[in-house]
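Keep in mind that the numbers below use all heavy atoms, side chains included, and drop hydrogens, waters and symmetry copies.
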Amino acid sequence: MTHFPCQRSLLNSFSVRRNHSSPVPMASDDSQSALTFLGTGGSGSVPSVSCLIQPSDPPCPVCSPALFLPPEKNPNYRCNSSLLFDNRLSDGNRSYILIDVGKTFREQVLRWFTLYKIPRVDSIILSHDHADAVLGLDDIRSVQPYSPTNDVDPAPIYLTQFTMESVAMKFPYLVHKEVKEGQEVRRVAKFEWRIIDDNCEKSFVASGLQFVPLPVLHGKGYICLGFLFGEKGRVAY
């Protein structure tokens with residue numbers, strides 16, 4: 001799902017943080033937008049848990065070393081597929097747009113948000129409703145401001161109607177948050193749900209940036225979304 005169709009041209013406009021291999025050098029003046037691949041692994045991630053608790057003899061050359069190298073030098077430690085776009089705005093401010101929030105999102109925050117000093121998430125886009133794309137939604141509260149009464153601005157989240165219905169079944173407390181009289185307020189992630197079309201002729205705007213949905217097959221008969229975005233340089237994810 002993750003491709004670099006023309007990496008050299010991307011680097012003219014963005015820094016690319018490839019967290020599945022050796023890092024690409026960052027812009028020295030911190031003036032560029034940046035793509036950060038928070039994860040490039042499958043649903044089960046790498047290393048494989050079963051491979052580690054039931055080790056082969058000799059040990060697996062992929063999973064075993066993954067436990068001992070630091071994140072930025074570790075090609076064999078891969079969280080669920082996810083992309084963060086650190087968008088440099090014309091006024092000098094930044095916006096942070098996240099594509100997919102899988103089962104390993106908390107781990108991605110600990111590994112990569114801290115390394116690259118990502119302070120928050122401004123907008124979220126979901127490609128589909130599978131576990132490795134949505135099951136970290138509850139942990140979004142960790143990157144939202146703290147409020148004991150949950151009085152924080154909701155993060156806009158862009159998704160299809162099909163994914164919306166699926167997420168509502170998985171996380172009813174994130175979608176339907178009516179608090180009954182006398183009921184204690186729960187601190188949960190807060191979202192503003194925005195339905196998008198899966199038609200590539202209908203774009204949408206997240207945090208000031210235009211995205212074009214790209215319907216792709218993700219298994220037999222299942223449609224997942226890729227996305228086309230970027231102004232000075234174009235990215236297809």
With sequence neighbours excluded, what pairs up with [X] under the salt bridge (Lys or Arg N to Asp or Glu O under 4.0 Å) test?
X	result
K202	D197
R194	E192
D139	none

Exercise for the section: Tell me, please, which residues at least two apart from F162 pass ring pair (Phe, Tyr, Trp, His ring centres under 6.0 Å). Expected result: none

Exercise for the section: Could you tell me which residues satisfy ring pair (Phe, Tyr, Trp, His ring centres under 6.0 Å) with F211, sequence neighbours excluded, listed by chain and number? Expected result: F204, F229

Exercise for the section: Look at R120 together with D122 and state whether they make a salt bridge at an N to O cut-off of under 4.0 Å. Expected result: yes

Running the 4.5 Å side-chain criterion over Ile, Leu, Val, Met, Phe, Trp and Tyr, what cluster does [X] land in, apart from itself?
X	value
L52	L67, F68
L228	V212, L214
M169	none

Return the set of residues passing side chain to side chain donor-acceptor pair (under 3.5 Å) with [X] (not counting sequence neighbours), or none when no residue passes.
X	answer
D138	R141, Y173
S50	S48
S95	none
N199	none

